[in-house]
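So the structure is just underneath, and the comments pick up after that.
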Amino acid sequence: MTEYLVQTPNPAAQQAVGMALLASLSSLSVDITDKGMLDLFTRIQGNQGINIAILMMQVSLSEAIPRHALAISTPIAAFLQQGGALALRTQIAPRFSPAEILALQFDPEQLIDRTGLELHHTPE
């Protein structure tokens, strides 16, 4: 059934799969390590390009999630400027109910609170 829903281009079916996946999560962690991509990005766009990208990210986050913008943009900016590693962690307990998923999709600030989202930068 899940395979059918994933392969079906029906938006309602895809939303149902997404909700089922979210309801099954208890935590999420993502680690990104720069092994030379920053050097390539700097060569292509220069430091000015990185600074512009950081400024655009900070403005976007300030508008979308004002309470969390600084906590999210600071480690991302440090990662883009210095390389190293960026770690994203969440702790979701209790797991999401389908009703809660529907409610939180329209409130990114509450979603961040509810998932305990944390970002950490570690320089190289």
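Positions are given from 1 along the sequence.
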Does [X] reach the main-chain N or O of [Y] with its side chain, forming a donor-acceptor pair under 3.5 Å?
X      : Y      : answer
Thr115 : Ile112 : yes
Thr90  : Leu28  : yes
His121 : Gly83  : yes
Glu109 : Arg67  : yes

Going from [atom1] on [X] to [atom2] on [Y], what distance comes out if it is rounded to the nearest 0.5 angstrom?
X      : Y      : atom1 : atom2 : answer
Leu111 : Phe106 : CG    : CZ    : 12.0 Å
Glu118 : His68  : CD    : NE2   : 10.5 Å
Gln91  : Leu117 : CD    : CG    : 12.0 Å
Ser29  : Leu88  : OG    : CG    : 8.0 Å
Ile54  : Gln81  : CD1   : CD    : 4.0 Å

Heavy atoms only: give me the nearest [X]-[Y] pair and the separation to one decimal.
X      : Y      : result
Pro75  : Leu70  : CD-O, 4.3 Å
Met57  : Ala77  : CE-N, 4.1 Å
Leu104 : Arg114 : CD1-CG, 3.9 Å

Do [X] and [Y] belong together in a cluster built from hydrophobic side chains that touch within less than 4.5 Å?
X     : Y     : result
Phe79 : Val59 : no
Ile72 : Ile32 : yes
Leu86 : Val30 : yes

Sorted by chain and residue number, the salt bridge (Lys or Arg N to Asp or Glu O under 4.0 Å) partners of Asp31 (sequence neighbours excluded) come out as Arg89
Holding to salt bridge (Lys or Arg N to Asp or Glu O under 4.0 Å), I want the full list of residues that pass it with Arg95, two or more places apart in sequence or in another chain.
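Counting only residues at least two positions away or on another chain, Arg95 forms no salt bridge (Lys or Arg N to Asp or Glu O under 4.0 Å).
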side-chain contact (heavy atoms from CB on, under 4.5 Å) between Leu55 and Asn51, intermediate numbers included
CA-CA 6 Å; Leu55 180 61; Asn51 292 337; over 6 Å; no
ILVMFWY clustering at 4.5 Å (side-chain atoms), partners of Ile52:
Met56
